[in-house]
Amino acid sequence: MPELPEVETMRRTVREVEGQRVLQVRWVRSRFRPLVVRPHRAAICRTLPGRKIQQVRRRGKYLVLVFDDRSALAFHPRMTGLVLVEDPPDWEHLRLELRLQGPGPRVLRFWDRRGLGTLELFAPGTWETQLAQGRLGPDALTISLGELRRRVGHLRAPVKVALMDQQRLAGVGNLYASEVLFQARVPPTLPCCRLEPHHWRRIHRALRTVLEEAIRYEGSTLADGTYRNALNRPGSYQNHHRVYGRAGQPCPRCKTPICRIVQAQRSTFFCPQCQKV
DNA sequence: CCCCAGTCCTGCGGGC
DNA sequence: TGCCCGCAGGACTGGG
């Protein structure tokens, strides 16, 4: 579930590790399948100890620790992963601890209940070309209108499905795709290539307003309670969702019941009245 | 290039 | 009470 607003909130709350030095890498064994690590654990154990954490960055849904030798460690939380400097929700799903030295937090943890999250080490000076430019599209928070149209405007895919393609624009997942399209008053099923310029202007504006609003509320913590920022605090944007998870409830704009449909095997929520062509 | 279905994983809640 | 099943979905894979 962590999408751009949740990972950005993680970044802001984990920034106090900047300037700290890594003392030790500790892989936590459990009954669950081991954490997926690229290229492999030995490389991380060899590289990290002694390195100073220079910056904590975010790109799309990835959180990136950039070290003093320009090597970088990217956390990808996927569905249930958390990066924490406080105690985790439980101890049995703790996957990794970095022991830290310095005036700030003593430890940085990666916790993941479902184990879909990944960890990836990048050689010095390579993370931006490999991850940020290679694998991901421009960040959804800062993408320009022209770039948005150039990257998705020609597709026959439904606009909601296209907005979630991380190679085209990075950071929007299932929850915020529905919220953005409601805010933009664009039907989620409309093929990208049938959208008009005014649709793209509204989508571009809604990307900024919805994602920034969600960041202000520190992201969404759904009913399962999983999502927490690095200080183990839940978000509150779930109290401001207009359509996500609200099937059958009245649209906040026109009171028409919100619809739920399935697109690309995922739930989409929208208002059939407000979101018309 | 494009698009779709299947897969990974764990916890939870409904049905019986 | 216990068990089975479906569901949640990000990103990757393989097929057409």
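Letters A, B, ... are given to chains in the order of the sequence lines, protein chains preceding strands, and every chain is numbered from 1.
- Residues meeting the salt bridge (Lys or Arg N to Asp or Glu O under 4.0 Å) test with A:Arg15, sequence neighbours left out: A:Glu18.
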Exercise. Can you give one letter per nucleotide of nucleotides 10-16 of chain C, 5' to 3': B if a protein heavy atom sits under 4.0 Å from the base, S if only from the sugar-phosphate, - if neither?
Worked result: BB-----

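- Shown for residues 176-184 of chain A: no residue has heavy atoms falling under 4.0 angstrom of DNA chain B.
- Nucleotides of DNA chain B with any atom under 4.0 Å from a heavy atom of chain A span, from 5' to 3', B:dC2 to B:dG11.
- Judged as a ring-ring contact (aromatic ring centres under 6.0 Å, His included), and not counting sequence neighbours, the contacts of A:Phe269 are A:Tyr244.
- Shown here are the ring-ring contact (aromatic ring centres under 6.0 Å, His included) partners of A:His204, two or more places apart in sequence or in another chain: there are none.
- Not a single side chain to side chain donor-acceptor pair (under 3.5 Å) links A:Arg95 to another residue, sequence neighbours left out.
- Across its full length, the helix from B:dC2-C:dG16 to B:dC16-C:dG2 shows an angle of 50° between the axes of its 5 terminal pairs at either end, rounded to 10 degrees.
- For residues 49-69 of chain A, the pairs satisfying ring-ring contact (aromatic ring centres under 6.0 Å, His included) are A:Tyr62-A:His76, with sequence neighbours left out.
- Scanning residues 83-98 of chain A for heavy-atom distances under 4.0 Å to DNA chain B yields A:His93.
- Contacts of A:Phe110 classified as ring-ring contact (aromatic ring centres under 6.0 Å, His included), with partners at least two apart in sequence or in another chain: A:Phe75.
- With sequence neighbours excluded, the residues that form a side chain to side chain donor-acceptor pair (under 3.5 Å) with A:Ser220 are A:Tyr176, A:His241.
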